[in-house]
Amino acid sequence: MGQNDLMGTAEDFADQFLRVTKQYLPHVARLCLISTFLEDGIRMWFQWSEQRDYIDTTWSCGYLLASSFVFLNLLGQLTGCVLVLSRNFVQYACFGLFGIIALQTIAYSILWDLKFLMRNLALGGGLMLLLAESRSEGKSMFAGVPTMRESSPKQYMQLGGRVLLVLMFMTLLHFDASFFSIIQNIVGTALMILVAIGFKTKLAALTLVVWLFAINVYFNAFWTIPVYKPMHDFLKYDFFQTMSVIGGLLLVVALGPGGVSMDEKKKEW
């Protein structure tokens, strides 16, 4: 079997997968995407005093202001999640969650930690795709499947979302000399470039979903660590952030790459 035949078979499989799951995929994608906000909102409730004390100690802002910060995080994230999942006021929910990301980036000094900053930007990329999806619903026969004539802002939101998702994958690269790490980096980077430029997008994004999910379950198995150990929280945070990016990639699969992509340009050639 030649390389083209193999690629064609893989693309046929991706198309078949999309046909079978088109009713469920956008819902699964949205659930995965907001999972990190859901987990963090619930964490604010169960770790109220720890979070409040951390903000008070870091910023010396006083008990009342620190409590208000935790409450805003809790309410903002859980309300945003409910609105996104119920498909009500999705655009406002996305803007609210963008605000939470910006607030946390400053409050937790994420701005100076490149790895966490890139992950937060990737999370923002996922929200951009969600925003683009909410704009496309009602304009096409299937929810989440774009029509041929798309509005320019939506196209560029999809492009921006795809590019920002690349940042998440960059934080998972392992810079060591082992054969497995080198292969993982080369294959993963190639797939992410395909997603970013919008070439063979659905197949590349679907492959990355499987890849990232396997890595996530293997490296971030927080359920194997006792709850009282700090590592449990770190792995849990990483796990749900990765799940959110998987949600973003699933939206790319469901929504397509948009007008600003190689796949779309090929149709014009």
Side-chain angles (χ1 to χ4, degrees), residues 9-42 77-94 97 122-148 150 154-155 157-158 161-162 164-165 168-169 191-192 194-195 198 200-218 220 223 239-258 261 263-264:
T9 305
E11 282 186 306
D12 289 342
F13 173 78
D15 288 338
Q16 181 63 27
F17 175 82
L18 192 58
R19 275 194 293 274
V20 172
T21 61
K22 71 182 174 199
Q23 288 183 315
Y24 315 104
L25 196 60
H27 300 292
V28 174
R30 287 192 289 267
L31 180 61
C32 289
L33 208 153
I34 57 100
S35 63
T36 193
F37 297 108
L38 196 60
E39 187 275 330
D40 200 48
I42 293 166
Q77 291 184 104
L78 295 185
T79 304
C81 290
V82 170
L83 292 176
V84 166
L85 290 177
S86 63
R87 310 306 293 140
N88 292 310
F89 307 106
V90 174
Q91 295 192 27
Y92 296 110
C94 286
L97 293 172
L123 209 50
L127 286 176
M128 280 176 79
L129 290 167
L130 192 57
L131 207 51
E133 188 223 16
S134 74
R135 289 172 75 103
S136 77
E137 286 196 335
K139 294 179 185 177
S140 82
M141 282 175 64
F142 305 112
V145 180
T147 51
M148 287 302 285
E150 298 178 61
K154 177 170 167 284
Q155 290 181 9
M157 274 194 281
Q158 285 176 272
R162 292 200 318 269
L164 287 173
L165 286 178
M168 172 68 187
F169 194 79
L191 287 169
M192 260 329 219
L194 290 178
V195 170
K200 307 281 186 193
T201 318
K202 291 181 181 180
L203 178 60
L206 200 54
T207 309
L208 266 173
V209 164
V210 176
W211 185 291
L212 274 178
F213 186 74
I215 288 174
N216 202 23
V217 170
Y218 183 75
N220 295 324
W223 52 88
F239 179 87
F240 283 104
Q241 278 229 321
T242 308
M243 285 306 294
S244 286
V245 175
I246 286 171
L249 287 166
L250 283 173
L251 271 184
V252 171
V253 175
L255 194 63
S261 64
D263 286 347
E264 204 60 38

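In what follows, residues are counted from 1 in the order of the sequence shown.
- Note that the CD atom of Gln158 and the CG atom of Leu255 stand 4.5 Å from one another [nearest 0.5 Å].
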Distance-only criterion, 3.5 Å: show the donor-acceptor pairs between side-chain atoms of residues 242-249 and protein atoms not counting sequence neighbours.
from	atom 1	to	atom 2	distance (Å)
Thr242	OG1	Asp238	O	2.8
Ser244	OG	Cys32	O	3.4
Ser244	OG	Leu33	O	2.7
Ser244	OG	Thr36	N	3.4
Ser244	OG	Phe240	O	3.3

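- Applying the side-chain contact (heavy atoms from CB on, under 4.5 Å) rule to Leu191 yields the partners Val187, Ala204, Thr207, Leu208; only residues at least two apart in sequence or on another chain are considered.
- The CD atom of Glu133 sits 9.0 Å away from atom SG of Cys94, with the distance rounded to the nearest 0.5 Å.
- Legend: residues meeting side-chain contact (heavy atoms from CB on, under 4.5 Å) with Phe89, ordered by chain and number and at least two apart, are Leu83, Tyr92.
- The main-chain N or O of Val195 is found under 3.5 Å from a side-chain atom of Arg162 such that the two form a donor-acceptor pair.
- In this structure, Leu130 and Leu97 have side chains that are not in contact, with every pair of non-hydrogen atoms separated by 4.5 Å or more.
- Of the inter-residue distances, the one linking His27 atom NE2 with Leu85 atom CG reads 10.0 Å to the nearest 0.5 angstrom.
- The side-chain hydrogen bond (donor to acceptor under 3.5 Å, both in side chains) check on Gln16 picks up Arg19, with sequence neighbours excluded.
- The two atoms that bring Ala29 and Leu250 nearest to each other are CB-CB, 3.6 Å, heavy atoms only.
- Annotation: the span from Leu206 atom CG to Thr201 atom OG1 amounts to 12.0 Å, rounded to 0.5 Å.
- Residues satisfying the side-chain hydrogen bond (donor to acceptor under 3.5 Å, both in side chains) test with Asp40, not counting sequence neighbours, are Gln77, Gln104.
- Annotation for Val90 and Ser134: closest pair CG1-CB, 3.7 Å, computed over non-hydrogen atoms.
- Here the straight-line distance linking atom CE of Met157 with atom CG of Leu129 works out to 9.5 Å at 0.5 Å rounding.
- In plain terms, the two heavy atoms of Gly126 and Leu251 that are nearest each other are O-CD1, 4.3 Å.
- Here the closest heavy-atom approach between residue Leu131 and residue Gln91 is recorded as CD1-CA, 3.6 Å.
- Distance CG/Leu31 to CG/Leu38: 7.5 Å, rounded to 0.5 Å.
- Counting only heavy atoms from C-beta outward, the side chains of Phe37 and Thr79 never approach each other to under 4.5 Å.
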